[in-house]
Every structure is written in structure tokens, then in C-alpha cells.
Amino acid sequence: MEGPRALFQGPKFLDALVDDLSEKLKSFLGEKVVSVFGVRDEFNKLQDKMKYIKSMLTDAKRRKMDDSVTRTWIDELIDVMHDAEDIIDDFRSQLEKQSEDGASSWSVNQVASKLNPRTWDKTVASGVGAIYVHEVEKLSSRSCWELLCKKAYIEEEDDMLNLRDVGMGIVKKCDGLPLAIKVLPQGITQLNNLRCLSLRDTPLISVPRGISRLKFLNELKGFIVAGEQCSGDMQSGWQLDELENLTQLRCLWLDKLENAAIQSSALAGKCYLKTLQLACTLPVGGSGHLPGEDDCRNIEETFDKLEPPQCLEYLFLLRFFGRRFPSWLENLSYLTYLILENCISCLYLPPLGQLQHLKCLRIIGARSIVSIGPEFMGTVISGRSNLRPCFPKLEFLRIEEMPNWEKWSFIDQVPEKFFPSLLKIDIVYCPKLKALPDQLKHISSLEELYLSGLQEIRKIENLTAHFESIRIRNSSCEKLSNIPAVQHLSLVGCSALRCVENLDALQSLYLEDETVEHLPEWLPGLINQHHSNNDMKLDFLCNMTVLQRCLLGGQDWPIIEQFSHIRAFTKDNAAFIEYQKQPYSYHTNL
């Protein structure tokens with residue numbers, strides 16, 4: 001009996017799911033509901049996130065990444081979209097039921113009372129001033145059992161039969177309340193044949209002792225690390241040594257590692273472990289304040305002791321607040337996917353260049369880093385240059401939200417040894433970065449470059465790699481020159497540009513800027529450089545003033561008519577112009 005992931009998996013299925021949710025938002029959460037409940041901002045954000053996920057799916061379809069990486073990423077998106085679908089459907093059904101009961105008016109408090117599980121208690125509900133209290137009906141035992149199976153990934157028919165007796169005991173404890181999960185039922189540790197347990201995004205305040213009895217767990221997401229060991233059957237989290245017997249784990253997520261006692265590795269003997277997430281909670285002050293010396297030193301010692309097994313392939317390091325990364329990071333020889341997120345105190349990146357199988361690397365929110373140099377490449381060892389290729393299999397590199405990063409450099413020797421497989425680089429919101437490294441021009445495999453929120457870079461030039469596309473967004477760049485191989489160029493919010501030249505292979509150009517009053521001054525010169533090749537296409541999102549200048553016979557029509565195809569439009573396609581040179585066609589709604 002196949003589980004749902006085996007039957008429904010991949011970008012095509014998720015694409016359809018996003019479309020379905022978008023239609024629900026449009027048809028159900030319409031203007032009336034949005035206005036009555038005062039949630040316009042939230043509604044707009046949700047729509048934007050739908051568009052973002054759609055764009056990510058489009059990117060996934062063309063990204064040349066390992067199937068296992070793509071599959072893991074899509075699995076996570078499917079989970080998110082299913083949760084969103086459940087919320088929308090539940091809210092709609094409750095509204096419809098209320099409508100059938102004859103209610104004619106609503107308030108935000110009513111909505112809160114209907115959706116907030118705390119208002120199961122009438123005293124609490126009246127205490128917060130709820131105008132209408134909706135008493136949530138308890139689920140049947142069968143429905144609770146189905147919900148438990150879903151949350152614990154109990155999908156095989158044999159497992160359902162074998163675990164039913166213990167599972168129904170847990171159901172009885174929950175008393176039909178589907179959201180009563182802040183205290184994890186003690187009976188969960190009696191499910192001796194359990195394979196998968198996911199506690200992610202669950203606001204647990206108490207867990208049962210004895211998770212070490214679940215010796216057949218393959219997947220454990222949301223292992224909450226506790227500090228001092230508590231007496232009694234329930235506790236605020238688990239000790240790391242309770243992982244010792246869980247030798248079958250393939251996937252493990254550890255949370256609140258700042259609570260861990262410094263001890264020998266809790267990950268020893270995990271010879272099947274492929275995916276690991278290590279997460280901390282930032283000290284008081286959050287990401288806006290750096291932790292103190294003692295906090296940094298303690299978390300460094302804790303992470304040094306963890307030392308994952310060499311078989312690890314996927315690693316997510318979240319909110320680590322030490323000033324140096326753990327030394328074992330550079331020794332994970334089979335690692336293929338690495339995310340370093342909100343490691344706010346680290347002063348330097350670890351030497352990752354010698355990870356021979358690394359394909360995808362994302363660095364987000366390392367806000368103490370000012371410079372990235374040869375140490376990142378792993379090329380300087382005991383004062384000598386290591387001549388092995390750096391990042392030999394890396395295909396995707398994304399560096400994001402590094403507000404203090406100013407300098408990026410490689411060593412000048414053997415540039416052909418850097419990133420021989422790299423396909424795509426994203427640099428996002430790094431406002432102090434002053435220049436791209438000159439050595440980028442030697443990365444012959446590079447196909448895509450995405451730059452966003454770079455305010456100090458004034459020129460991008462002499463990139464001789466065989467780019468398929470370059471996208472630049474919200475940039476202060478003034479000159480874009482000598483990039484002879486780029487085929488597709490996208491410029492969004494780049495009004496500072498004064499010179500765009502020597503883009504010999506350019507086939508399509510996308511411009512987006514609603515603040516300007518005319519076409520860019522550099523555009524005629526770019527067209528003249530392609531005079532012998534009149535096959536360039538232009539898509540242009542602009543304001544009404546610019547659109548009217550582009551009309552047949554308008555001030556900018558002599559520029560427009562030189563493109564093989566153009567589409568100019570205002571936001572939401574309220575007004576547009578479409579023109580094609582051969583065969584000739586011209587359409588507008590102005």
C-alpha cells in the first residue's frame with residue numbers, strides 16, 4: 001500500500017495544488033470577507049506568497065539539481081500547501097455553518113473566538129471579550145485516529161492494524177480535541193514500531209520520557225532538547241542521550257540546542273542518517289542583538305561535541321550563535337545540500353571548498369561577516385595553496401541578508417580550479433557589498449546570475465562566462481557592460497543605470513520600473529548595437545505616462561518599432577500595448 005507521497009509528488013502536482021488554492025482565495029476570500037474582517041494586508045501577503053511559490057516551482061523545473069534534493073524541497077512545499085488548504089477549508093465550512101444558523105453580522109473577536117482553540121473554555125472566551133463563542137464539536141474516535149495517523153505518518157495498512165490499540169489509547173487521552181497537542185500524550189512512546197514522528201511547528205510545552213524506546217524511528221522532526229533532567233513522566237524536552245538507541249534514524253531535526261549539556265556526541269552510531277537539522281533559539285534580544293561571550297562559547301562547545309556521521313547528505317544549521325562554526329563542518333565528505341541560516345555571530349565562513357559532493361549551498365543572515373576570502377574556498381592550508389578544485393560539484397550558491405558584507409575575493413592562482421560545476425549564483429540583500437569578484441569571469445559553467453538589493457555596486461562588467469540569464473533587482477548599478485554571452489536580461493527597479501552595452505548575444509529584455517517617466521536613455525544605443533540582429537524582444541512594466549509614449553505615433557514609438565516583439569503594460573495589465581514586427585501586428589486597449 002503506497003503512501004500519499006509516493007502517489008502525489010513532484011512539481012506538476014504541487015503546481016496544480018497552488019492553482020487550486022489560488023482559485024479558492026479568489027472565489028471564497030473575496031472582497032466582502034476581506035473588508036469585513038479587516039485582513040486586507042494578510043490577504044495580499046498570502047496572494048504574494050502564492051505567486052512566489054509558483055515562481056519557485058518554475059525555477060525548480062529548469063534547475064539542474066540532483067533528484068533527491070529537488071524531491072526533498074518539493075515535499076516541504078507540499079506540506080506547507082496542504083496546511084494552507086486545510087485552514088482555508090476549515091474556515092470556509094465554519095462560515096457556511098454560521099450563515100446557515102442565520103447570523104447576519106460579524107466581528108474580528110467572533111472570528112478569533114471561532115478559530116482560537118483556547119476559547120474551548122467559556123470562561124477564557126468571555127475573559128478576552130469574545131462576542132460570540134463557538135463551541136468546537138469534539139471529533140469522533142475514528143476521526144481522531146485518522147488525524148493521529150496523519151501526524152505520525154502511519155500510512156501502511158499493517159502498521160495501522162498493529163498500532164491501533166495503543167493509538168486508540170492516545171485518542172482517548174485527547175478526548176476528541178484535535179488541537180490538544182501542547183502536551184504530547186505519554187502513550188506515544190508505546191508505539192514501538194513507529195517509523196516517523198513529526199513534531200515540527202508544534203507548540204509543545206511538555207513531552208513524555210522514554211522516546212528512546214522508539215528504536216525503529218526512521219524520521220524524527222522536532223526533537224526538543226531539554227536542560228536539566230526532570231523527575232516524573234513528563235518533561236519540557238528530552239536529553240540528547242535519549243537519542244543513543246535510535247540507530248535507525250534517516251532524518252533528525254534537533255531544536256533548542258542551547259539547552260544541551262556539553263557531552264560526548266549524541267549522533268555517534270547513526271550510520272543511516274542522511275538529513276540533519278540543528279537549530280537553536282536565539283538569546284534574549286533576538287537577531288537584533290549579538291549574544292554575550294559566555295553564550296557564544298557554550299554553544300560552540302556543544303556543537304563541537306555533536307559531530308554528525310560522515311554519511312550525512314543534507315544539513316541545516318539554523319540560528320547557531322557561536323562566533324566560529326564547528327570544526328567538523330568541513331569534514332562531511334558526502335554532504336550535498338547545506339543551509340547556514342541566521343548564524344548571526346560568526347565572523348568568518350567555514351572552509352567548505354573541499355566538500356567534494358556539495359551541490360547546493362545557501363548562506364542566510366550571517367550578519368557579522370564583513371569579508372569572504374580564500375578561507376571560504378579552503379585553499380590556504382598551512383600557508384600553502386591547495387591545488388585541488390574548490391567546490392568541484394557545487395551547482396547552486398545563494399548568499400542572502402548579509403547587511404555588513406563588504407568584500408568578496410578569491411586567491412588569484414589557478415582560477416580555473418574554482419566552481420567548475422556552478423550553474424547559478426544568487427546574491428540577495430547585501431547592501432554593502434562593493435564589487436563582484438573578478439574571478440567570476442573564469443567560471444565557464446555559470447548560466448544564471450541573480451542580484452537583488454545591492455546598493456554599493458556601481459558597475460557589473462567583463463563577465464565572459466556563458467550566461468543564459470542575468471536578473472538584477474533594486475540595484476544602484478550605473479553600468480552594465482561587456483557580457484557578451486548573456487541571452488536574457490531582467491532589470492527591476494534599476495533606474496540608476498546609465499550605460500548598458502556590449503551584450504552581443506542578448507535575445508530578450510525585461511524592464512520593470514513604475515517610477516520613471518520615459519524609456520531608459522541607454523535603450524536606443526543597445527538597439528543600435530544589435531542593428532544587424534533585429535530579433536530582440538522587450539517586455540516592459542511601466543506607468544501610464546510611459547505607456548502612452550510607446551503608442552503608435554508616440555514619442556518613443558521610433559524606439560519601440562525596432563524590436564522584433566514588444567509587450568508594454570501597467571500593473572495588473574490594466575493597460576497594454578503588444579507589437580510584433582514580422583508578421584506585423586499591433587494591439588492596445590488604450
Side-chain angles (χ1 to χ4, degrees), residues 51-52 55 58-59 398 400 424-431 433-436 440 446-530 533 535-547 549-550 556 559-560 562-573 576-579:
K51 294 176 183 176
Y52 179 64
S55 67
T58 301
D59 192 52
R398 183 179 179 93
E400 182 177 353
K424 188 172 189 284
I425 295 179
D426 291 356
I427 309 294
V428 178
Y429 186 66
C430 300
L433 183 62
K434 300 184 185 303
L436 298 176
L440 281 186
L446 200 56
E447 295 180 356
E448 295 183 55
L449 179 64
Y450 175 53
L451 308 174
S452 178
L454 307 184
Q455 300 303 317
E456 291 295 322
I457 293 181
R458 295 291 182 260
K459 59 183 180 180
I460 301 171
E461 56 186 354
N462 301 323
L463 298 179
T464 55
H466 298 288
F467 283 106
E468 180 180 321
S469 71
I470 294 179
R471 295 182 294 143
I472 304 175
R473 188 179 187 92
N474 300 330
S475 170
S476 298
C477 182
E478 298 174 356
K479 184 179 182 181
L480 195 62
S481 175
N482 194 26
I483 312 176
V486 66
Q487 299 175 33
H488 309 287
L489 177 62
S490 173
L491 303 172
V492 178
C494 297
S495 56
L497 265 176
R498 296 293 178 265
C499 176
V500 179
E501 60 184 8
N502 298 329
L503 312 182
D504 302 338
L506 193 63
Q507 298 176 10
S508 68
L509 175 64
Y510 175 80
L511 303 177
E512 181 176 327
D513 198 329
E514 297 182 86
T515 66
V516 298
E517 299 299 319
H518 51 76
L519 290 175
E521 296 176 356
W522 48 262
L523 193 56
L526 182 66
I527 296 173
N528 290 335
Q529 292 178 25
H530 289 76
N533 175 16
D535 198 31
M536 195 192 308
K537 300 178 181 179
L538 171 66
D539 286 277
F540 188 21
L541 191 158
C542 57
N543 56 40
M544 185 62 74
T545 299
V546 177
L547 194 65
R549 291 173 60 100
C550 295
D556 289 332
I559 301 173
I560 294 299
Q562 296 183 57
F563 287 93
S564 64
H565 180 276
I566 108 110
R567 175 172 170 79
F569 50 96
T570 59
K571 194 172 183 178
D572 300 325
N573 286 307
F576 70 90
I577 299 171
E578 287 188 352
Y579 161 73

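Along the sequence shown, the residues carry numbers beginning at 1. Keep in mind that what you see is a predicted model, and the values were worked out from it rather than measured. Side-chain atoms are counted along with the backbone in the values below, which use heavy atoms only and exclude waters and symmetry mates.
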[atom1]/[X] to [atom2]/[Y] distance, rounded to the nearest 0.5 angstrom?
X	Y	atom1	atom2	value
L436	I457	CG	CD1	4.0 Å
I425	I470	CD1	CD1	10.5 Å
S508	H488	OG	NE2	4.5 Å
E501	N482	CD	CG	8.5 Å

[X] versus [Y], closest heavy-atom pair with distance:
X	Y	value
L547	F569	CD1-N, 3.9 Å
P520	P524	O-CD, 3.7 Å
L463	L449	CD1-CD2, 4.0 Å

Does a side-chain heavy-atom distance below 4.5 Å link [X] with [Y]?
X	Y	answer
F563	L523	yes
N528	Q562	yes
I559	R549	no
I560	L519	yes

Q) Do other residues, nucleotides or ligands put more than 12 heavy atoms under 6.0 Å from H466 NE2? A)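 Not buried by this count: 12 neighbours or fewer within 6.0 Å.
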
Is there a donor-acceptor pair under 3.5 Å between the side chain of [X] and the backbone N or O of [Y]?
X	Y	value
E514	M544	no
Q529	N502	yes
S564	M536	yes
S452	V428	no

(Q) Under the rule for side chain to side chain contact (heavy atoms under 4.5 Å, CB included), what residues qualify as partners of E512, not counting sequence neighbours? (A)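 E512 satisfies side chain to side chain contact (heavy atoms under 4.5 Å, CB included) with V492, Y510, L541 once adjacent residues are dropped.
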
**Q.** For L511, the option from V546, L491, V516, D539 that meets side chain to side chain contact (heavy atoms under 4.5 Å, CB included)
**A.**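 The single option meeting the side chain to side chain contact (heavy atoms under 4.5 Å, CB included) with L511 is L491.
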
Q) Think R473 forms a cation-pi with Y450, using NZ or CZ under 6.0 Å from the six-ring centre and within 45 degrees of its axis? A)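 Not flagged: R473 not positioned over aromatic ring of Y450.
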
